[in-house]
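Residue numbers start from 1 in every chain, and the chains themselves are labelled A, B, ... in the order their sequence lines are given, proteins ahead of strands. Since we're looking at a predicted model, the values are computed, not measured.
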Amino acid sequence: MSSGFASRLLAWFERHGRHGLPWQHPRTAYRVWVSEIMLQQTRVETVVPYFTAFVDRFPDPETLADAPLDEVLHLWSGLGYYARARNLHRAARVVVERYRGELPQEPAALEALPGIGRSTAAAILAQAHDRPMAILDGNVRRVLARHRAVDGWPGQSRVQATLWGIAESLVPGSRAADYTQAMMDLGALICTRSRPACSRCPVAGDCQARLQDRVAELPAARPGRAVPTRTRWAALVRSPAGILLERRAPSGIWGGLYSLPEADEREQLVDRMTACWAGVCEQDGPPARIAHTFSHYRLDLWIVSFRLPSVPCGIMEGQAAIWYKPAFSHAVGLPAPIARFLRDQGTPHDGTNG
DNA sequence: GAGTCGTGGCG
DNA sequence: TCGCCAAGACT
């Protein structure tokens with residue numbers, strides 16, 4: 001029992017909450033929607049510049065629906081989880097065709113749109129329309145697991161169901177928009193993962209984790225497991241004309257973006273490069289190594305940079321391959337590790353063909 | 001239910 | 001350097 005939970009939280013929010021986030025001014029359903037999608041598994045500071053550019057170019061569902069997917073992906077590139085961009089684009093077309101450009105206000109209709117799950121639907125309805133609906137994101141999970149001393153890893157469905165129940169029971173009948181933002185602000189600013197600022201917490205008085213001195217151990221960590229390492233060799237083929245890349249499949253990792261040739265083709269590519277490698281090794285130095293950690297595995301990517309010989313070689317024959325030019329890259333976007341590599345190395349700007 | 005999907009920050 | 005994980009949803 002925690003009577004007055006929402007009242008204390010809202011009072012704290014007035015003075016200490018975040019009130020200047022871009023999607024709060026103006027707080028339309030469309031802008032809240034875009035922000036919620038971008039914020040999935042992504043920090044606020046990272047999202048802000050992407051959000052601003054995105055809604056500047058696509059100010060409403062119609063504009064977004066009319067735009068080619070390539071342009072949407074371009075504004076998303078570097079943000080990660082590109083399925084979000086594809087789903088957002090698809091959903092915008094549904095909203096225009098089926099709902100006359102207005103986001104539906106029924107939870108079920110909202111959840112039926114691609115990319116919108118239970119929590120995101122609730123967040124949109126609460127923030128844009130003040131509907132008293134509970135959300136359960138990473139912040140809320142942490143706040144509730146501590147305040148009610150909920151044991152178990154929140155990723156477990158049983159624990160998740162418990163947390164949803166608590167979340168539902170605490171939502172106030174009014175001021176749902178402020179309450180929702182307040183919960184996330186509390187989790188982000190006070191009830192942080194490490195070293196939470198309990199002395200400044202408005203609901204510390206009846207926080208069970210605090211009363212039991214278990215703040216540091218809640219919420220329970222996910223069960224550990226081994227992280228496999230995948231090592232790959234990749235070739236970054238440079239020439240005065242540009243860099244050889246190919247477009248990836250529309251789904252899967254880096255879907256719809258441009259990157260190095262895949263799998264079998266890449267193996268052949270490396271083989272064919274071997275002959276050239278010795279001659280340019282001294283000039284270009286050792287291969288650049290990019291170690292990248294994904295959610296569940298570690299990818300060691302070795303990138304070999306060298307210049308094409310003047311005579312055409314087989315790697316230019318691939319149907320899927322395209323010649324990369326700087327201007328084109330900005331129109332589509334590159335995977336961050338590769339984009340960073342190109343930025344550090346400097347991209348050729350003297351390309352004329354392709 | 002368990003994997004997958006990006007990137008960046010932090011201890 | 002390394003493991004964890006953050007405004008989750010989808011397969």
Side-chain angles (χ1 to χ4, degrees), chain A residues 18 21-24 32-51 73 76-88 90-91 110-124 126-127 134-143 153-161 163-164 167 180-189 191-195 216 219-230 248-257 259 289-301 333-340:
Chain A
R18 293 177 288 191
L21 299 172
W23 40 91
Q24 297 174 328
V32 169
W33 174 30
V34 172
S35 76
E36 287 300 328
I37 300 301
M38 286 189 169
L39 285 162
Q40 288 169 1
Q41 302 287 285
T42 312
R43 297 173 189 283
V44 170
E45 316 81 72
T46 305
V47 164
V48 168
Y50 281 89
F51 174 83
L73 285 173
W76 208 275
S77 73
L79 196 55
Y81 285 124
Y82 300 95
R84 297 182 298 176
R86 297 193 295 272
N87 286 335
L88 183 60
R90 266 205 300 152
L110 217 42
E111 280 187 56
L113 294 172
I116 300 181
R118 178 175 176 182
S119 189
T120 299
I124 294 171
Q127 297 199 61
I135 65 165
L136 191 63
D137 63 5
N139 288 311
V140 178
R141 267 197 298 274
R142 191 168 54 252
V143 169
W153 176 51
Q156 231 168 6
S157 62
R158 207 193 72 79
V159 179
Q160 175 133 328
L163 292 172
W164 267 115
T180 299
Q181 187 63 48
M183 282 294 277
M184 293 188 286
D185 287 358
L186 188 70
L189 304 174
C191 197
T192 50
R193 188 162 63 89
S194 60
R195 296 170 53 99
R222 89 182 280 154
R225 56 185 165 142
V227 177
T229 296
R230 305 177 190 175
R248 304 179 62 89
S251 62
I253 189 170
W254 293 336
L257 276 66
S259 67
R289 178 175 176 274
I290 294 176
H292 193 66
T293 304
F294 291 86
S295 315
H296 301 308
Y297 59 92
R298 178 186 172 82
L299 177 68
D300 282 336
L301 183 65
L334 292 169
I338 295 172
R340 197 158 38 237

*Can a side chain N or O of A:Y82 be found less than 4.0 Å away from OP1 or OP2 on B:dT7?*
yes
*Counting any heavy atom closer than 4.0 Å, what does A:L88 reach on the DNA or RNA strands: base, sugar-phosphate only, or nothing?*
nothing
*Remember a base hit wins even if backbone is also touched, and classify A:Q181 as base, sugar-phosphate or nothing at under 4.0 Å, heavy atoms.*
base
*Per the atom types in the model, does the base of B:dG6 pair as donor or acceptor with the side chain of A:T42 at under 3.5 Å?*
yes
*Is A:W76 touching bases, backbone alone, or none of the nucleic acid, heavy atoms closer than 4.0 Å?*
nothing
*May I have the distance from A:Y81 (atom OH) to C:dT11 (atom C1'), rounded to whole angstrom?*
14 Å
*Can you tell me the distance, in whole Å, between the CH2 atom of A:W33 and the P atom of C:dG8?*
18 Å
*Please state the P separation for the pair B:dG3 and C:dC4 - nearest whole angstrom.*
14 Å
*Between A:R193 and A:R84, who's closer to the 5' end of DNA chain B by nearest nucleotide?*
A:R84
*Measure the distance from CD1 on A:I135 to C1' on C:dA9 and round it to the nearest whole Å.*
15 Å
*Can you find a pair of side-chain heavy atoms, one from A:V48 and one from A:W23, that are under 4.5 Å apart?*
yes
*Could you state the CD-C1' distance from A:Q156 to B:dG3, rounded to the nearest angstrom?*
16 Å
*Just compare C:dC5, C:dA9, C:dA6 and give me whichever is closest to any side-chain atom of A:A221.*
C:dC5
*Apply side chain to side chain contact (heavy atoms under 4.5 Å, CB included) to the pair A:T42 and A:Y50, showing each step before the final yes or no.*
CA-CA 11 Å; A:T42 312; A:Y50 281 89; over 6 Å; no
*Atom-pair distance (CD on A:E45; P on B:dT7), nearest Å*: 17 Å
*Are A:V159 and A:W153 close enough that some pair of their side-chain heavy atoms sits under 4.5 Å apart?*
no
*Are any non-hydrogen side-chain atoms of A:W164 and A:R118 less than 4.5 angstrom apart?*
yes
*B:dG6 P sits how many Å from A:I37 CD1, rounded?*
15 Å
_Using OP1 and OP2 only, check whether a side-chain N or O of A:S157 sits under 4.0 Å from B:dG1._
yes
*asked:* With nearest nucleotide decided by heavy atoms, which residue, A:I116 or A:Q127, maps closer to the 5′ end of DNA chain C?
replied: A:Q127
*A:W153 CH2 to B:dA2 C1': how many Å, rounded?*
9 Å
*Would you indicate which nucleotide in C:dA6, B:dG6, C:dA9 comes nearest to any side-chain atom of A:T120?*
C:dA9
*Verify the distance criterion only: is there a donor paired with an acceptor across the side chains of A:N87 and A:R84 at less than 3.5 Å?*
no
*Rounded off to whole Å, could you give me the CG-to-P distance for the A:N87 and C:dC10 pair?*
6 Å
*DNA chain B: A:Q41 or A:R158, which has the more 5' nearest nucleotide?*
A:R158
